Structure formats: C-alpha cells, structure tokens
Amino acid sequence: MANNFRTIPRSSDGNQFQKMEEEQKTTWIQKIFRNRQLMGLGDPLIFIMSLLLLIFSAMMVFSATIYEDPMGFMLKQVGSMIVGMVVVAMIRLVPLDWFSSIRLMNVVLVVVLILIGLTAVLGQEAGGATSWLALSGVNFQPSELFKLVVVLVIARIIAQFSRTYLIKLETSPIWRYYFPIACMLLSLLLIVLQPDFGGAMIIIGTTVAMLMVFWFAPINNLKLIGLGLIVYVLAIFLTNYFSDFLVNSNYHAFERFGSFVNPFNYAQSTGYQIINSYLAFSRGGLWGVGLGQGQIKANLPAAHTDFILAVVAEEFGLLGVVVVVGLLLALIFHLLRTAATMNIRFHRICLTGFAILLLLQMFVNVGGLSGLIPLTGVTLPFISYGGSSMIINLMMIGIVQKLIAEEKQMRMNARLMKTDRGGLR
C-alpha cells in the first residue's frame, strides 16, 4: 500500500477509490513533478520564524567568534544554512510515502546505525565525547540525524500499531516493529558509549513524551512525571554528596555531574564554564552591553556552540534572551497547534514529535547554562554554530512544511469535490 495513513472520504460513486488506485500506479518521478505544485502550500509563519532564527544565528556566531575568525565561522554557518535549504527543497519534492515507508525507514535506520558504529571506531573526540565522523573533510554528527529518524519511525509505529491494535495480527511484524526497534536500541547504546549523554537523554525523552501523548493512559503519565521528579531530586542530592568523588574521577561526564550543583567549589576546573556563563548573564543585565562588545566569551571555549545563549545574554541582556527563547517557544507552540489540526494521525504524531524534540533540545541547553541540569554539550536549535545540527533542524522544518502542504492540498481537493457534488444536485 502506498500510504497506510491516508484517510479517504466515503463516496457512493467510488470516485475516491478510483483516484487512490490511480495514485498508487503513479511513478515516484511523476509524484515529484506533482509535488512542485505544493511548494507554495506550506506554513508561512513557520518559514518566517525559522528565517528570523537563522539571521540571528549568523549574527551571533560572528560576534561569539570575534576573538578568533568571525568571518570564517559565519560563512561556514551560512553555508550550512544554504545546504539545509537545498535539502528542504528536495524534501518538498519527494513523495510523501517515503516518510512512512517501512522499507525506506528500515534502510535509513541501518545506514544511521552503521554511521554511529563507524563513529565509535573512526570518530573524532571533542568535549569528552567521540560523536563526530569526518566525511570528505567535513565533520558530521550521526546522532543528530538519528534524532530525526527516531521521530519518523516512532510516529509510524504508533500510528500503525494503534490501527491494527494486536501486533501478532499485523503482517510482517518483524520488519514493521521488531527490526526498527532493535536498530534504534542498538544505535542508542552506541551513542551512550561515545559517551553522548545529552543526545541520549533527548532521544529517550522525545520517545517517552510521544508515547505519553499518543499511547499511555493519563494515570500512567502522572506516574511517569512523578517518578521523573523523584529521580531529579535524588540525582541532585547524590551528586552534591559525592561531588568531590565525581569531579576527581577523571571521567568527563562524571566531572560535569559533580560540579553542576555548586560550580563555585570548582571554579578553576569543572565549574569554570558555568561560572563564566553566570557572569555573562549578570554583566548583560536587562539591555546588554551591545553587539560584539561582550568580553566573557573570550573565557568560554564553546561560546559559539553550547554557550551561545550566554553571549546573547551579555550583549543583548535579559531582553535578548527572552526574544530568542520566546521565538523558539513560539515555533514549538505553533507546531503543536498545527499538529492538533491534522486529519491524518501519522502527520499529527510527526509534528508533535518534532515540537517535543525542539523543546527538549532547548531545555537541555538552557538548563545547562542556568545550572538546572549538568552541561551536556547540546546546542541551541537554529542558533548555535554547527553544520550537522543546523542541517538536520532545517530538514525537520522541510518535513513539517511537506506534511502541512499535503494536508492543505487534501482539504482543497475535498472542498472541490463537495462543490462538484453540490453542483450536480
């Protein structure tokens, strides 16, 4: 079947079923030419918000690297944006069936698993984690692509499983469920071993949140939230009690866990970065010191990536932080609001999953800077410097616009058919 999630209105004359059969016979090349007509049916508000974030990103990357090579870093960031926009255009043209295809998604999962496995053997270490793979001189982070694929695969599994209900009655359950789940678990294990706890936390959190929204009962959701709060409080207590042991463990991840509760006890070692982040927020005040005038960024080794929000805080003040975080939250809220209007369940789950993914990435980054959670090396979506994260985030926007355009086209066709039937009467 070309699309397991397409809802076809009932019709006595059978025209809809004939149209579906003709669409199934259409080649993927013909579908690409058909999709050219959908290029203008996306959501303009998502486009505008994304564009504003990209412009601000280029400006802040230039400022954050002003003591290094600002023009070089900014041009690389803009280059990643251009590549991402080309990928968005390509996504808008490919058939919709590709995103829910069992075979294609399984192949992508295998490719991502291989890339993550190669990263463990041939990857480059940075920030205490071996997460980057050099491909033709370009560093690529496979875990970023894995986040995107996880949302698509989990969305398909939830949509199909809820439709068939009993997995044993579904045809080919191995390839539909068991194989992709096994690939995702193995990929997640390799990410933890890198170790990239921030990426693993986001992937697990996104998956659990999607299941909470579309699968678990409300009472189970309350239990999970309560368990999460208990684990968080217990983790703070334990890391504070064993902070000296963790900081002196010579293990990068444990050192960050040991210093996040009270970084001032380790101001010259593992607490150095977070303390400078606090100073940047303090020095910026309400209005900031001005674009390019910040000085704390000279003391931050990752000012243009993990700590770019601290640079925003110093140069644009609390007002600038509110604008950036507010724009990201507005994009996330709009994705959730749009997801609620989707007629096709798979589309609704995908948009919700992407919104959750962005929300968790933003929370982990901002939470690390503010001391709510340990620093994990997670970048701020659409703002931080990084080719992999920028391209993948734009790919996500491309898929979102694709799903929205398809829904709009279906509604237009439904209205035309209703008008035609009314005219015949």
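Keep in mind the model is a prediction, meaning the values are calculated, not measured. Start at 1 with the first residue, then count along the sequence. Excluded from the calculations below are hydrogen atoms, water molecules and symmetry mates; all remaining heavy atoms, backbone and side chain alike, are included.
Pairs of residues two or more places apart, or lying in two chains, never qualify as salt bridge (charged side-chain N to carboxylate O under 4.0 Å, His left out) while including a residue from residues 317-340. Pairs of residues two or more places apart, or lying in two chains, that qualify as side chain to side chain donor-acceptor pair (under 3.5 Å) and include a residue from residues 75-91 are Ser57-Gln77. Applying the side chain to side chain donor-acceptor pair (under 3.5 Å) test to every pair with at least one member in residues 283-295, sequence neighbours left out, gives these pairs: Arg283-Glu314. Residue pairs meeting the salt bridge (charged side-chain N to carboxylate O under 4.0 Å, His left out) criterion with at least one partner in residues 387-401, sequence neighbours excluded, do not occur; the list is empty. The salt bridge (charged side-chain N to carboxylate O under 4.0 Å, His left out) contacts involving residues 322-334 comprise nothing, where partners must be two or more places apart or lie in separate chains. For residues 181-200, no pair satisfies ring-ring contact (aromatic ring centres under 6.0 Å, His included), with sequence neighbours left out.
Atom OG of Ser143 and atom CH2 of Trp132 lie 7.5 Å apart (nearest 0.5 Å). Separating the CG atom in Leu96 from the CD1 atom in Ile91 is a distance of 12.0 Å, to the nearest 0.5 Å.
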side-chain contact (heavy atoms from CB on, under 4.5 Å) evaluation trace for Met342 with Thr338: CA-CA 7 Å; Met342 290 288 184; Thr338 305; 4.2 Å; yes
Side chain to side chain donor-acceptor pair (under 3.5 Å) between Ser131 and Gln194: does it pass, once the steps are laid out? CA-CA 6 Å; Ser131 304; Gln194 290 179 356; 2.8 Å; yes
Do Ile158 and Arg345 pass the side-chain contact (heavy atoms from CB on, under 4.5 Å) test, and can you show the C-alpha distance, the side-chain angles, and the key distance before you say yes or no? CA-CA 9 Å; Ile158 292 176; Arg345 182 172 173 81; 3.8 Å; yes
For Asn248 and Tyr266, run side chain to side chain donor-acceptor pair (under 3.5 Å): C-alpha distance rounded to whole Å, both residues' side-chain angles, the deciding distance at 0.1 Å, then the answer. CA-CA 11 Å; Asn248 297 320; Tyr266 313 97; over 6 Å; no
Could you walk me through whether Phe382 and Leu394 satisfy the side-chain contact (heavy atoms from CB on, under 4.5 Å) test, starting with their C-alpha distance in whole Å, then the side-chain angles of each, then the deciding distance to 0.1 Å, before giving a yes or no? CA-CA 8 Å; Phe382 296 103; Leu394 288 175; 4.2 Å; yes
Val150 and Thr206: side-chain contact (heavy atoms from CB on, under 4.5 Å), yes or no, with the steps? CA-CA 9 Å; Val150 164; Thr206 301; 5.7 Å; no
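Although no hydrogens or angles enter the test, the distance criterion places no donor-acceptor pair under 3.5 Å between the side chain of Ser277 and the main chain of Gln273. Counting only distance, with no hydrogens or angles, the side chain of Asp306 and the backbone of Ala302 share no donor-acceptor pair below 3.5 Å. Ser187 places no side-chain N or O within donor-acceptor distance of the main-chain N or O of Met184, the cut-off being under 3.5 Å. When atom types are taken as modelled, the side chain of Asn221 and the backbone of Met212 share a donor-acceptor pair closer than 3.5 angstrom.
Looking at every heavy atom in both residues, Asn299 comes nearest to Tyr272 through O-CE2, 3.1 Å.
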Under 3.5 Å, which donor-acceptor pairs do the side chains of residues 101-108 form with other protein atoms, sequence neighbours left out?
{"residue": "Ser101", "atom": "OG", "partner": "Leu104", "partner atom": "N", "Å": "3.2"}
{"residue": "Asn106", "atom": "ND2", "partner": "Ile102", "partner atom": "O", "Å": "3.3"}
{"residue": "Asn106", "atom": "ND2", "partner": "Trp175", "partner atom": "O", "Å": "3.0"}

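Glu406 and His347 form no side-chain donor-acceptor contact under 3.5 Å, judged by distance and modelled atom types alone. If you check the side chains of Lys297 and Ser63, you find a donor sitting under 3.5 Å from an acceptor. A donor and an acceptor atom, one from each side chain of Gln401 and Arg92, are nowhere located under 3.5 Å apart.
Under a cut-off of 6.0 angstrom, the local environment of CZ in Phe237 is sparse, with at most 12 non-hydrogen atoms contributed by other residues, nucleotides or ligands. By the 6.0 Å contact criterion, OH on Tyr241 is open, its count of non-hydrogen atoms from other residues, nucleotides or ligands being 12 or less.
Taking the six-membered ring for Trp and the full ring otherwise, Phe73 and Tyr385 have centroids separated by under 6.0 Å.
For Phe56, the ring-ring contact (aromatic ring centres under 6.0 Å, His included) partners are Phe316, not counting sequence neighbours. Listed by chain and number, the residues in a side chain to side chain contact (heavy atoms under 4.5 Å, CB included) with Phe140 are Leu115, Leu135, Pro142, Leu145, Ser388 (sequence neighbours excluded). The side chain to side chain contact (heavy atoms under 4.5 Å, CB included) search around Ile219 returns Ala217, Lys223, not counting sequence neighbours. The side chain to side chain contact (heavy atoms under 4.5 Å, CB included) check on Leu75 picks up Met71, with sequence neighbours excluded. Applying the salt bridge (Lys or Arg N to Asp or Glu O under 4.0 Å) test to Glu144 and every residue at least two apart in sequence or in another chain returns Lys147.
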